[in-house]
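Here the structure is laid out as C-alpha cells; the discussion comes afterwards.
In what follows, chains carry the letters A, B, and so on, assigned in the order in which the sequence lines appear, proteins first and then strands, with residues in each chain numbered from 1. Just so you know, these numbers use all the heavy atoms, side chains as well, and skip hydrogens, waters and symmetry mates.
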2 protein chains.
Amino acid sequence: MKQDTSFDWHEPGLTIGQVAGRSGVSVSAIRFYEAQGLISSDRTAGNQRRYHSDVMCRLAMIEACQRVGLTLAEVGRALAALPPGQAPTSTDWDALAERLRTEAQSRIDRLNQVLRELAPPA
Amino acid sequence: MKQDTSFDWHEPGLTIGQVAGRSGVSVSAIRFYEAQGLISSDRTAGNQRRYHSDVMCRLAMIEACQRVGLTLAEVGRALAALPPGQAPTSTDWDALAERLRTEAQSRIDRLNQVLRELAPPA
DNA sequence: CGTTGACCTCAACAATTGTTGAGGTTCTAC
DNA sequence: GTAGAACCTCAACAATTGTTGAGGTCAACG
C-alpha cells in the first residue's frame, strides 16, 4: 500500500484566529480570500475552519503581490498552479516565485521606462 | 474636427478628446483624475477643458504608478510636489521620478524577500 | 442660422477588496 | 453543564477607481 504523502491526523490544524494572529491578516480578510479560492481549509465536525501551515506562505505572498499591483484574481491564477489540497513542494513554490518575480519586475521596468521618458513640456 | 497642429503655442489647449486620443486614457478617467486633483486644466469661456502638454506626462506616470501598486492618492501626493499651474521643469520631474522609482523598488524588494522566504510547510 | 459632434455636470451603477454587525453555533474551561 | 470566547453565515456598508446615461451646452462647418 502506497503511503500517500498527505495529512497528519495527529495535527489538529490552525484555527482562523491563530492564522490571523500569526500572519497579521484579519479574520475577515482570511475568510474573504478563502471565498475567492486563494486559500483553502478543512472543516471540523462543527463546521469550523482548520488550516494547514502552508496557508501562512500563501498569505504572505498574497500581501506582497498586492503591494506590487497584482489583483487578487491574478494572485489566484498564480496560486492555482500549486497542487490543490496537497502541501506544495519546494519546486512548486520555486516555480511560482519565479513567475511572480518576473511579472513584478516587468512592471517596475515599465515604470522606469516611463520615468526616463519624462520630460518637461516643449 | 478642425485645428490640426496649429502653430499657436501661445494658447496651447488640448481638448479632453485630444488628450484621450493621444494618451489612450478614457475621457471619463481623465475627468476623474482631474476631480481628484491629479491633473488640472484651464477652461474656455464656454467652460470646456483645455490641457497643457504636461498632462501627457502626468497621465503616463499615473498609469505606470498604478501598475506597480500605488493608489491614486499616493500618486496625487507625489504629483503635488510639482509646481501647481506651471510647466514643471526637468529638475522637478527628475526629483519626482527618483521618489517613485525608490518606492516601487522597495515594493519589489519586499516581494522578493517574501518569495525567498517561501518554503514548503515543514 | 442650424445641425452635429464634442463637450459639460451630475447621478447611478459596477468591480474590487475588504469590514461590520446581526443572529446563531461550537469549543473550552471552570 | 454552563459561561463566555471564538467561531459560523449572510447581508449591508464603505473606499477606490472608474463607466454609463440623462439632460443640456458649445463650437465649427456649410
Quiz prompt | Interatomic distance where CG belongs to B/L59 and P belongs to D/dG18 [whole Å] | solution = 11 Å

Quiz item: Along nucleotides 22-30 of chain C, 5' to 3', which nucleotides get a B, which get an S, and which get a -, given that the test is a protein heavy-atom distance under 4.0 Å?
Solution: ----SS---

Quiz item: Going by atom types alone, do B/D109 and B/Q105 pair a side-chain donor with an acceptor below 3.5 Å?
Solution: yes

Quiz prompt | Nearest-neighbour nucleotide for the B/I16 side chain, C/dC7, D/dT9, C/dT9 considered | solution = C/dC7

Self-check item: Atom-pair distance (OH on A/Y51; C1' on D/dC8), nearest Å
Solution: 12 Å

Practice problem: Take the protein atom CD1 of A/I30 and the nucleotide atom C1' of C/dT17, then report the distance between them rounded to whole Å. | Solution: 15 Å

Quiz item: Would one find a side-chain N or O of A/Y33 under 4.0 angstrom from OP1 or OP2 of C/dT17?
Solution: no

Quiz item: Choosing from D/dG18, D/dC7, C/dG18, which nucleotide comes nearest the side chain of A/F32?
Solution: C/dG18

Practice problem: Select base, sugar-phosphate, or nothing to describe what B/R31 touches, counting heavy atoms under 4.0 Å on all strands. | Solution: base

Quiz prompt | Minimum-distance nucleotide to B/L72 side chain [options: D/dT17, C/dG18, D/dC7] | solution = D/dT17

Quiz item: So, is A/S26 close to the C/dG18 phosphate, meaning a side-chain N or O under 4.0 Å from OP1 or OP2?
Solution: no

Exercise. Provide, to the nearest angstrom, the distance between the CD atom belonging to A/Q36 and the P atom belonging to C/dT19.
Key: 13 Å

